[in-house]
Amino acid sequence: MAEKEVKSSSSPKFELLPEKWDMESIIEHVIIHYRFIFVMFLLPVSLVYDLYFYTRSKIVFAMSSAPTKHKEKVANIQKQVREYQTNGEGKGMCTARPGWQTISPQNMEYKNKMYPININLVDILEINPDRRTVQCEPLVTMGQLTATLDHLGWTIPIVPELDDLTIGGLVMGTGIETSSHRFGLFQHICKSYELVLADGSVVECSPYTDPELFYSVPWSYGTLGFLTSVEIEIIPSRRFVRLDYTPVYSLEQMVETFEREVERSDSANFVECLVYSREKAVVMTGNLVDCCEPGKLNEIGKWYKPWFFKHVQGFFETGPRTEYIPLRQYYHRHSRSIFWELQDIIPFGNNVVFRYLFGWLVPPKVSLLKLTQGKTLKRLYETKHMIQDMLVPLPDLKASIELFHREVEIYPIWLCPFRLSAQAGMLSSPSNRDEMFVDVGVYGVPKTDRFEAEKTTRKIEEFVRNVSGFQMMYADSYMTRDEFRAMFDHTLYDRVREKLGCKGNFPEVYDKVNKKARSGPLKDLQKKIKKKFEKLVD
């Protein structure tokens with residue numbers, strides 16, 4: 001059962017033909033009003049892209065050539081960094097990875113003013129069953145890692161949902177999953193980091209060898225050095241997740257049920273909640289098992305299956321239920337629909353006919369979607385669309401839901417609990433002891449007429465600061481530098497930057513994540529897209 005979709009007044013009114021017939025206007029019109037056709041073209045391109053990298057990673061891992069090549073690639077990064085010291089003109093360094101390839105909705109305009117360092121680190125280096133660790137390069141993706149570990153009987157304790165999330169992004173930014181109430185954030189399952197520093201030297205750090213650097217790396221966004229490898233904890237995997245669905249029908253019942261499941265001494269391996277309105281939600285608890293009850297297996301990852309959030313919505317009609325989902329399909333349950341963002345891009349994407357005929361091509365690559373945005377669509381995303389993850393203390397969950405309902409009224413809302421440990425670093429527990437937080441994820445088009453991107457986001461940011469919470473840095477941030485430093489503890493970070501000589505070589509975190517630094521004209525991209533279309537027309 002699916003609830004009736006609410007049409008947003010912010011969506012552009014459909015127009016059959018463009019107002020002007022110059023090439024730029026035609027391209028813009030197609031991307032805005034016929035985007036689903038454009039996306040249908042991107043689907044096979046995305047598939048070929050995925051097949052290439054999947055095959056490549058399998059071959060490299062099977063031949064065990066990655067460790068040897070890794071040393072060569074790191075040496076090349078060192079060489080580039082030393083060249084910067086000679087002729088970089090003090091611009092500051094950043095990776096040469098194009099902004100459209102990142103998961104952030106913005107285009108990373110700051111990269112155009114900095115010295116680019118090419119980093120081609122995309123391989124899994126070693127799986128060590130004795131140490132129970134896997135060593136990865138920073139551009140290894142979650143899809144790539146789980147595919148490699150799963151058939152060997154291993155997994156990692158925290159697997160953020162989307163296939164294209166990279167190890168480097170999850171370390172330098174952050175990562176969370178429905179097991180985070182037990183294990184914490186992605187940084188808390190990392191054992192050591194390897195980095196190239198501003199002077200071109202290579203260092204390895206762990207809680208035992210260099211704790212100050214180790215605890216400074218997470219949330220530093222590449223402003224201390226270039227991450228070149230990460231050692232991550234692995235644990236034995238199981239075949240299935242036994243998933244219990246509990247629909248709730250009031251805000252009070254939702255918060256009470258969610259908090260109870262999170263804080264139980266025998267809490268489930270996975271806890272998650274999808275909020276469909278202020279009064280309706282489904283709380284899910286999952287446990288790892290090896291056996292499945294007859295008739296209860298749901299291979300939700302199959303191409304013809306309904307999108308996961310739509311499937312969950314059906315339990316308002318049926319009541320509580322239990323299912324068994326294959327482990328890797330559970331991990332990536334939100335990938336096919338990019339949580340629920342794909343419903344605005346391909347409105348008929350969850351239709352049963354589309355799923356059976358084209359579901360195996362879904363989803364399109366987020367990077368390709370960004371690459372093909374027109375100016376008008378980009379402006380609509382910036383002014384009429386919100387993608388935010390706010391991390392708030394569990395006792396402030398009810399107030400957070402009420403705030404988002406009042407200010408944006410975007411549903412579903414994703415709730416994911418996590419344990420914030422009392423460790424040094426940018427994210428520090430306000431009480432200096434382990435605390436339970438919850439990620440309130442809001443992705444979509446606001447339904448309130450009074451929504452103003454900057455004003456509304458700043459209001460939400462102020463609330464999060466006042467409850468001693470945090471904002472995920474991949475999203476749009478309108479905070480001032482002082483507000484940003486009030487939200488994140490810079491004590492250790494500043495000391496390590498001073499020690500490593502980062503000033504003049506790497507910008508501060510704020511200078512990479514604030515809205516002004518990331519959002520800029522897409523002139524270069526527009527020219528590339530225009531040229532491609534002109535070739536097609538010719």
Does T457 reach the main-chain N or O of A453 with its side chain, forming a donor-acceptor pair under 3.5 Å? yes
Please work out whether the ring planes of Y356 and Y304 are parallel, tilted or perpendicular, with thresholds of 30° and 60°. parallel
Any pair counted as salt bridge (Lys or Arg N to Asp or Glu O under 4.0 Å), so long as it reaches residues 420-442, sequence neighbours left out: R419-D434
Side-chain donor/acceptor of Q329 to backbone N/O of G301, under 3.5 Å: yes
Stepwise side chain to side chain contact (heavy atoms under 4.5 Å, CB included) check, V440 with L415: CA-CA 5 Å; V440 182; L415 302 182; 4.1 Å; yes
Taking all non-hydrogen atoms of both residues, which atom of C292 and which atom of Y324 are closest, and how far apart? SG-CB, 3.5 Å
The test is salt bridge (Lys or Arg N to Asp or Glu O under 4.0 Å); show your working for E299 and K305 and say whether it passes. CA-CA 8 Å; E299 296 184 277; K305 288 285 188 174; over 6 Å; no
N/O donor-acceptor pair under 3.5 Å between W360 side chain and L357 backbone: yes
Walk me through whether E402 and R278 qualify under salt bridge (Lys or Arg N to Asp or Glu O under 4.0 Å). CA-CA 7 Å; E402 290 175 329; R278 187 182 180 277; 3.2 Å; yes
Evaluate the ring planes of F470 and F488, with Trp represented by its six-membered ring, and classify them as parallel (under 30°), tilted (30 to 60°) or perpendicular (over 60°). tilted
Between D489 (side chain) and S428 (backbone), is there a donor-acceptor pair under 3.5 Å? no
Any side-chain heavy atom of F309 sitting closer than 4.5 Å to one from Q343? yes
Side chains of M390 and I460: closer than 4.5 Å at any heavy-atom pair? yes
Quick one: pull up CD1 in I124 and CD in Q144 and give me the separation to the nearest 0.5 Å. 5.0 Å
Ring centres under 6.0 Å, that's the criterion: do Y276 and F316 meet it? yes
Minimum heavy-atom distance between W219 and M473, given as atom pair plus value: CE3-CE, 3.5 Å
What is the ring orientation for F270 with Y331, classed by angle as parallel under 30°, tilted 30 to 60°, or perpendicular over 60°? perpendicular
Starting at CE of M142, measure out to CD1 of I167 and round the result to the nearest 0.5 Å. 3.5 Å
Atom pair OG1/CD of T166 and E137 - distance to nearest 0.5 Å: 12.5 Å
Please walk me through it: do Q187 and T174 pass side chain to side chain contact (heavy atoms under 4.5 Å, CB included)? CA-CA 7 Å; Q187 68 204 58; T174 195; 4.1 Å; yes
Inspect the contact between R328 and D150 and indicate whether a charged nitrogen and a carboxylate oxygen are less than 4.0 angstrom apart. no
If only atom types and distance count, is the side chain of N128 paired as donor or acceptor with the main-chain N or O of R131 below 3.5 Å? yes
Could you give me the CA-CA distance, side-chain angles and deciding distance for D344 and H385, then say whether side chain to side chain donor-acceptor pair (under 3.5 Å) is met? CA-CA 11 Å; D344 292 328; H385 189 268; 5.0 Å; no
For S267, does its backbone N or O pair with a side-chain atom of R182 as donor and acceptor, under 3.5 Å? yes
We want to know whether H311 and E323 form a side-chain donor-acceptor pair, criterion being a heavy-atom distance below 3.5 angstrom. yes
Could you check whether any side-chain N or O of T456 sits under 3.5 Å from a backbone N or O of F451, counting only pairs where one atom can act as donor and the other as acceptor? no
Between V513 and Y474, does the side chain to side chain contact (heavy atoms under 4.5 Å, CB included) criterion hold? Intermediate values first, please. CA-CA 7 Å; V513 302; Y474 79 89; over 6 Å; no
E317 with K280: basic N within carboxylate O range, under 4.0 Å: no
Could you go through R264 and E261, starting from their C-alpha distance and side-chain angles, then the distance that decides it, and tell me whether this counts as salt bridge (Lys or Arg N to Asp or Glu O under 4.0 Å)? CA-CA 6 Å; R264 285 173 52 170; E261 294 298 339; 3.3 Å; yes
Do the ring planes of F358 and F354 sit parallel (below 30°), tilted (30 to 60°) or perpendicular (above 60°)? tilted
Could you give the distance from CG (L327) to NE2 (H332), rounded to the nearest 0.5 Å? 9.0 Å
Contact list for residues 156-191, test ring-ring contact (aromatic ring centres under 6.0 Å, His included), sequence neighbours left out: none
Indicate yes or no for a side-chain donor-acceptor contact from R242 to the backbone of N287 under 3.5 Å, with no hydrogens or angles considered. no
So T178 and E272, side chain to side chain donor-acceptor pair (under 3.5 Å) or not? Walk me through it. CA-CA 6 Å; T178 53; E272 174 182 24; 5.1 Å; no
Heavy atoms, side chains only, cut-off 4.5 Å: are V171 and V217 in contact? yes
Test side chain to side chain contact (heavy atoms under 4.5 Å, CB included) on N269 and V241 and set out the steps. CA-CA 9 Å; N269 297 130; V241 173; over 6 Å; no
Answer yes if the side chains of E161 and S335 hold a donor-acceptor pair under 3.5 Å, and no otherwise. no
Kindly write out the residues that satisfy side-chain contact (heavy atoms from CB on, under 4.5 Å) with S250, not counting sequence neighbours, or none if the list is empty. E252, Q253, E279
Is the distance from the ring center of Y330 to that of F240 below 6.0 Å? no
Does some side-chain heavy atom of K191 sit less than 4.5 Å from a side-chain heavy atom of R132? no
Begin with the C-alpha distance, continue with both residues' side-chain angles, and end with the deciding distance and a verdict on side chain to side chain donor-acceptor pair (under 3.5 Å) for S477 and Q471. CA-CA 8 Å; S477 174; Q471 179 184 34; 3.2 Å; yes
Check: W340 and W414 side chains under 4.5 Å, non-hydrogen atoms: yes
Can you pull out every salt bridge (Lys or Arg N to Asp or Glu O under 4.0 Å) where at least one residue sits in residues 281-295? Sequence neighbours excluded, please. R238-D290, E293-K296
Counting N and O atoms only, with roles assigned by atom type, does the side chain of T448 sit under 3.5 Å from a partner on the main chain of E407, one being a donor and the other an acceptor? yes
Side chain to side chain donor-acceptor pair (under 3.5 Å) between Y443 and D389: does it pass, once the steps are laid out? CA-CA 8 Å; Y443 328 114; D389 281 271; 2.8 Å; yes
Among all residues two or more places apart in sequence or in another chain, which pass the side chain to side chain donor-acceptor pair (under 3.5 Å) test with E452? none
I'd like to know if the side chain of Y245 pairs up with that of R321 as donor and acceptor (distance under 3.5 Å, no hydrogens or angles considered). no
Suppose the criterion is ring-ring contact (aromatic ring centres under 6.0 Å, His included): which pairs have a residue in residues 415-436, not counting sequence neighbours? F418-F437
V134 vs W154 side-chain heavy atoms within contact, under 4.5 Å: no
Any N350 side-chain heavy atom under 4.5 Å of R355 side chain: yes
Flag the pair E483 and R458 as a salt bridge only when some basic side-chain nitrogen lies within less than 4.0 angstrom of an acidic carboxylate oxygen. yes
